[in-house]
There are 2 protein chains.
Amino acid sequence: MAIPQSEEFSILMNKRPNLQQCVDPQTECIACPIRKMALFRGVPEEELGWTQKFRDAQYLLPARKTLYQEGDIAHSIYTLFDGWVILFKILDNGKRQILRFVLPGDFFGFQVNGTGAGAGYTHGAQALVASTLCVFPRTRLRSMMEKQPQLAIGLAEMGMHDMTLCQHHLIGTGRKNARESIAFLLLELFYRVRMQMQNGFNEATDSIIFPLTQEDIGDAIGLTSVHVNRVLKELEREKLIHCQRKRLTILDEETLMEIGQFDPGMIEPKELV
Amino acid sequence: MAIPQSEEFSILMNKRPNLQQCVDPQTECIACPIRKMALFRGVPEEELGWTQKFRDAQYLLPARKTLYQEGDIAHSIYTLFDGWVILFKILDNGKRQILRFVLPGDFFGFQVNGTGAGAGYTHGAQALVASTLCVFPRTRLRSMMEKQPQLAIGLAEMGMHDMTLCQHHLIGTGRKNARESIAFLLLELFYRVRMQMQNGFNEATDSIIFPLTQEDIGDAIGLTSVHVNRVLKELEREKLIHCQRKRLTILDEETLMEIGQFDPGMIEPKELV
DNA sequence: CTGTTTTATTGATTTAAATCAATTAATCGG
DNA sequence: CCGATTAATTGATTTAAATCAATAAAACAG
């Protein structure tokens, strides 16, 4: 299969220096294993030919590299094809708040300040592990949606889901203690990753690759890495979880769900009626 | 003008017992002063005739009354026409987390768990002051959007904006101390109310009606009302704000913005390119 | 493989905010 | 207008998590 080489490639590379062109044959939208959970979820198959032209190409973002910083001009929007990305914001006091964990199929980069082509991202984005991205030019999104309402509906549905996750994130930070909040986060990510695997590639399991450092966990829920460490050790002593080598094993799902007040229903994909 | 009496009226009233039928002549969508910021923002005027038929009617919700509880079957979605509504969630330990402050023009009630007509709201909704609501049947939303993509685009845009507000809310709760977080919340609501007034009815001012109790403030940002009180008193002693009789006056906007790390840009309405 | 950097771990101490406890001030229903 | 309920205020005490500090262990680059 020929590797599509977008005319905008060199411009894009200048603007997003950490992106690398995808060398492997790129996945066509029509053949995409995660399409049903992603931006094009509602687009009829016969329309995918021309909607794919909207897509720029697939690119690689190496582990721990920044995709964009807050304020960067938002030329592109993204669907994560493979990997793990965090969206975050750095405060004046230097502290970092992780806003969202982006998993395969998730759409991001559409939140901007300002209007028109010069608008800037409201947040930064960074890969936790080597990731593959589907890149779309932001300025074509509206006209695409006008031609293909299923795209706008898909976007609204994904937005609804993201909003619900964000609100749960808020509850964890605002009204749960460290133990409850950490239990909830571990379960949320565990379930999301596992659901991802079911819909895409692998089998269910009680163990997932978990590339967060303890500092990442703390920055997600408003704790120091020192305190995160103490709570994780406690949960390990109680044989509820096991963490080692960027791998997380859930040993006692039921107890953990009680502690974190986690309901798997929140993870399920959302539909507008 | 005749008062439209929906065929679904009596069913609706059984289901949402606190809603009262609007006695005053109801505002037609075409004449709505806040339409440009609301759900029908992008819908061309010539289409508003048939899109309004989608709307059920306007209803009154008295002050401090609950519109729906978490888990209630989500028959309707809402645009707040006038008033002030909070969305919240009650945790197992009885604590309440306010998720979102709904101001005129804002759309809510679309976040549900489950699929199809029997899905339930993910959160509760309650009026802070007597409020007027535009009520839409939830089950017609998707077909409406398929016929009128501007509706889906408007929904996606509003979702993007709400998401950004939620993320700022998260930052306040996760990574700011009580003083910073309260300063931010006061400014956010002050700016949102003032923007509302500019686009709809009144003049700019340094003072707004502010119907939150100190407990409401605490439940929004994860503090006790006792601590909220101490911080508010401190800000008053420093002549930065003045609170009295459900009215908030911002005396020193600049200093307050510095304390809260508040950027008015976040309040501006969002557009997809 | 090896030195270097990053991340994890654990103890001692401090602190911001919670909790407990009264009182005072507002607001509301009749 | 008036008793009753709800909300605000203030002090004393406790506590969950932060901060400070020092290794130990892992991951990484050359």
Side-chain angles (χ1 to χ4, degrees), chain A residues 62-65 86 91 93-98 126-130 172-186 209-237 241-248 259, chain B residues 62-65 86 91 93-98 126-130 172-186 209-237 241-248 259:
Chain A
R64 289 275 155 187
K65 291 285 183 184
I86 51 173
L91 303 205
N93 56 21
K95 286 178 180 169
R96 179 181 67 154
Q97 172 70 50
I98 292 180
Q126 181 185 28
L128 289 185
V129 298
T173 317
R175 285 268 169 258
K176 286 178 185 167
N177 64 29
R179 182 179 162 87
E180 294 163 348
S181 194
I182 288 174
F184 184 92
L185 180 70
L186 297 183
I209 293 166
F210 190 79
L212 311 209
T213 66
Q214 295 178 357
E215 198 174 356
D216 291 332
I217 296 176
D219 285 351
I221 52 187
L223 299 169
T224 60
S225 63
V226 174
H227 199 63
V228 169
N229 180 268
R230 288 193 232 272
V231 173
L232 285 178
K233 284 280 135 186
E234 189 183 275
L235 295 174
E236 285 194 327
R237 271 197 303 280
I241 62 167
H242 184 69
C243 281
Q244 202 175 59
R245 305 292 209 86
K246 303 298 172 203
R247 181 161 279 280
L248 166 70
I259 293 169
Chain B
R64 289 275 155 191
K65 291 285 183 184
I86 52 173
L91 302 208
N93 56 20
K95 287 179 180 169
R96 180 181 66 155
Q97 173 71 50
I98 292 180
Q126 179 185 31
L128 289 185
V129 298
T173 316
R175 283 273 169 251
K176 287 177 183 167
N177 63 27
R179 184 180 160 85
E180 294 162 348
S181 193
I182 289 175
F184 184 93
L185 179 68
L186 297 182
I209 294 167
F210 190 80
L212 310 210
T213 66
Q214 294 177 358
E215 198 173 356
D216 291 333
I217 297 175
D219 285 351
I221 52 188
L223 299 169
T224 59
S225 62
V226 174
H227 199 63
V228 169
N229 181 267
R230 288 193 234 272
V231 174
L232 285 178
K233 286 281 134 185
E234 187 184 276
L235 295 174
E236 284 195 327
R237 273 197 302 280
I241 62 167
H242 184 69
C243 283
Q244 203 175 57
R245 305 291 211 81
K246 302 299 172 203
R247 180 160 279 281
L248 166 69
I259 293 169

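Quick note: numbers below take in every heavy atom, side chains included, and nothing from hydrogens, waters or symmetry partners. Throughout, protein chains are lettered first and strands after them, A, B, ... in sequence-line order, and every chain is numbered starting at 1.
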Peer 1: Closest approach of B:T173 and A:G174, non-hydrogen atoms and distance?
Peer 2: CG2-CA, 3.2 Å
Peer 1: Among D:dT9, D:dT19, D:dA12, which nucleotide has an atom closest to any side-chain atom of A:V226?
Peer 2: D:dT19
Peer 1: Send over the distance from B:R64 CZ to C:dT27 P, rounded to a whole Å.
Peer 2: 13 Å
Peer 1: Could you check how far CG of B:N177 sits from C1' of D:dA18, rounded to whole Å?
Peer 2: 12 Å
Peer 1: Salt bridge or not for B:R64 and B:D216, using N-O below 4.0 Å?
Peer 2: yes
Peer 1: Looking only at the side chain of B:R230 (C-beta and beyond, no hydrogens), which of the listed nucleotides C:dA17, C:dT7, D:dG11 gets closest?
Peer 2: D:dG11
Peer 1: How close or far is atom C1' of C:dT27 from atom CD of B:Q214, stated in whole angstroms?
Peer 2: 15 Å
Peer 1: With rounding to the nearest 0.5 angstrom, report the CD1 to CG distance, A:I217 to A:L223.
Peer 2: 9.5 Å
Peer 1: If you assign A:L232 and A:R175 each to the DNA chain C nucleotide with the nearest heavy atom, which residue ends up on the more 5' nucleotide?
Peer 2: A:L232
Peer 1: With a 4.0 Å cutoff (strictly under), does any side-chain N or O of A:N229 reach OP1 or OP2 of C:dA8?
Peer 2: no
Peer 1: Check every strand shown and say whether A:L223 touches a base, only sugar-phosphate, or nothing at a heavy-atom separation below 4.0 Å.
Peer 2: sugar-phosphate
Peer 1: Report the distance from atom CD1 of B:I241 to atom C1' of D:dA8, rounded to the nearest whole Å.
Peer 2: 14 Å
Peer 1: Measure CG/B:D219 against P/D:dA8 and give the value in whole Å, please.
Peer 2: 12 Å
Peer 1: For B:L91, look at atom CG and say whether over 12 heavy atoms of other residues, nucleotides or ligands are found less than 6.0 Å away.
Peer 2: yes
Peer 1: Treating A:E236 as the side-chain partner and A:C243 as the backbone partner, does any N or O pair qualify as donor plus acceptor under 3.5 Å?
Peer 2: yes
Peer 1: What's the shortest heavy-atom distance between A:A127 and A:P62, and which atoms?
Peer 2: CB-O, 3.6 Å
Peer 1: Backbone N or O of A:A220 within a donor-acceptor pair of the A:Q97 side chain at under 3.5 Å?
Peer 2: yes
Peer 1: With a cut-off of less than 4.0 Å, is there a side-chain N or O of A:K233 near OP1 or OP2 of C:dA8?
Peer 2: no
Peer 1: Just the table, please: protein N/O against nucleotides 23-30 of chain D N/O, every pair under 3.5 Å.
Peer 2:
unit_1	atom_1	unit_2	atom_2	d
D:dA27	OP2	A:R245	NE	3.4

Peer 1: Would you kindly compare A:S225 and B:A178 by the position of their nearest DNA chain C nucleotide and give the one closer to the 5′ end?
Peer 2: A:S225
Peer 1: What integer distance in Å separates B:I221:CD1 from C:dA16:P?
Peer 2: 17 Å
Peer 1: Tell me the interatomic distance from A:L212, atom CG, to C:dT6, atom C1', rounded to whole angstroms.
Peer 2: 16 Å
Peer 1: From NE2 of B:H227 over to C1' of D:dA12, roughly how many Å is that when rounded to an integer?
Peer 2: 16 Å
Peer 1: How is B:T224 classified with respect to the nucleic acid when contacts are heavy atoms under 4.0 Å: base, sugar-phosphate, or nothing?
Peer 2: base
Peer 1: With heavy atoms under 4.0 Å as the rule, sort A:G222 into base, sugar-phosphate or nothing.
Peer 2: sugar-phosphate
